[in-house]
Amino acid sequence: MSPDSADHLPLSPATLHILLALAAAELHGYAIMLEVARQSGGHYKIGPGTLYDALKKLLNDGLVDEVDAPEEGRARRKYRLTDLGNSVLSAEVSRLDGVLRQARRALRLNERRS
Amino acid sequence: MANKAAQFIYRCIVNLHPPAFRDKFGREMLLDFQEGAAGLGCTRFFTDALISLGRQWLHTPASAGFEPRSDASPLLNGHYAMIRNPPLTPLEWCRGLVASVTLLVLCGYWLGAGSRIPRDTGIVYAARKVAQAAQSRPTASPDESSATPATVRRDFKQFDVASVRESKAGTTHVSFPFGADDTYLPTHGFMQMIGLPLGAYIQFAYKMTPAQVVALQSKFPDWALSTRYDIEARVEGEPTKDDMRTMLRALLADRFKLQLHAVTATDKVYDLVLARPGKTGPALQEHPGSDPDCKLDNARDSAHDSSAPCGTILQSVSGAGLMRMTGRNVSITQFVLASLTKVDRPLRDKTGLTGKYDFTFDFAPPRIGGGPDINASEPQPGMTFKDAMQDRLGLKLVPDKGPVTTYILDRVEKPTEN
């Protein structure tokens, strides 16, 4: 994990889902909302306010950038994952993997004790 | 499409955001609202926008308030009063007054609507609704496509309004889970299916298995195979998933002149049986009868990585490129329904298991263009669905022969214009 990536961890659930959505394709805002809902099987939905607040931070941090800036009334503004965003996402997935392993171990120990 | 009053209110809330945020994302938020409000309901968007409004002003540096306004976005330019050294102009006082009154009206609406406002704000969880919907309905078998709840309610025969168009979207979107099982997210009578081929609509409407729809599609004309359609329809009330199927069948008959008939003959099937008589596999655990709402087993669910709402089956992607199927407090009949897309023959439940079960298991995804993974012979990461089911759930598939229903296409035409 690079130091730059580590600076951004841990990610909030919304940020994680947005990065995951953008890992597959360049998407505009509404498509990201749909993709997040699809990835989570409909369990997790974000509204535009949450989405663009997270995108604002991701753009500022260089994890995401805009594909193009459409003229008024034209195509939607699309976003894509940068190399830094990709490495942060990988680092977060690794971190969560470790958390899950620890959690399962702790729960197994707990079950044995009880 | 959201109605004009709702759009106006949403635009007002967006206009109240800090200028930098508003100019950057305001147009996108309005477009999102126009596309999504009809499916999810305006209230959620309003709630989310109000939370966003507070969040953006809290996080806006004090200096931002003294920055000159951006003229980059004429759509949303300067509709609120800014904190600055020169006194406010009368026009800005008026704008501030309008904004304040709008907020008061929204607060009044919030308090008055009370129970209609979702408790989740900003980030909206729909799982609870899915679970409630699944819990409130009886379990349906594959043949119980017209099961009706015990409560007296409206008889849904057809949509009040419907639009059928050739899809230009290039993407796929469905407004509720589209599978053969009963997992459903109530949409207040709204159905939005974007970018799906006719076969997918028929499969959902008639609750067909993949094999049935493939056989039917072999008789399709070329346009029906190559064209994708957007269907948006609405009915007053809160129809169930089976009601949606009934109304979609009527819509397909009306717009596509679709006519089918079913023929039942003896053919190849799979019997789902216990691999070891009387014993289930390690990952198939009977759900405690004392916990119908899954309130007592959260710890165990965490251990199993389960995120399926109580009473439903969820399919997702796990690590290492594997698919994961998770069920919580579900019947074997539900499992059979969820498994229909994974096998190439009809499935019959011969397990004799009548209770409710919890399970989680991983399996290799079907290979692209390789058909159902049950017949996969090339090495893949992880076990095939069939092998994983036997290893983890203790259930296996036994080839057999039995009655199989096939659908015959009698008539289909290009849809009429709306």
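By convention in this document, chain letters (A, B, ...) are assigned in the order of the sequence lines, proteins followed by strands, and residues within each chain are numbered from 1.
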Please find the pair of heavy atoms, one from [X] and one from [Y], that lie closest to each other, and give the distance.
X	Y	value
G47(A)	D48(B)	C-OD2, 3.3 Å
Y52(A)	D32(B)	OH-OD2, 2.7 Å
P48(A)	M29(B)	CB-CG, 4.0 Å
Y30(A)	G36(B)	OH-CA, 3.3 Å

Is a donor on one side and an acceptor on the other found under 3.5 Å between the side chain of E28(B) and the backbone of R77(A)? yes
Between [atom1] on residue [X] and [atom2] on residue [Y], distance to nearest 0.5 Å:
X	Y	atom1	atom2	result
R55(B)	T50(A)	CZ	OG1	5.0 Å
K45(A)	R44(B)	NZ	CZ	6.0 Å
M33(A)	E35(B)	CE	CD	9.0 Å
F25(B)	D53(A)	CZ	CG	9.0 Å

When you compare the side chain of K24(B) with that of L59(A), does any pair of heavy atoms fall below 4.5 Å? yes
All side chain to side chain donor-acceptor pair (under 3.5 Å) counterparts of S52(B), not counting sequence neighbours: H17(B)
Residues in side chain to side chain donor-acceptor pair (under 3.5 Å) contact with S12(A), at least two apart in sequence or another chain: T15(A)
N60(A) atom CG, over 12 foreign heavy atoms within 6.0 Å: yes
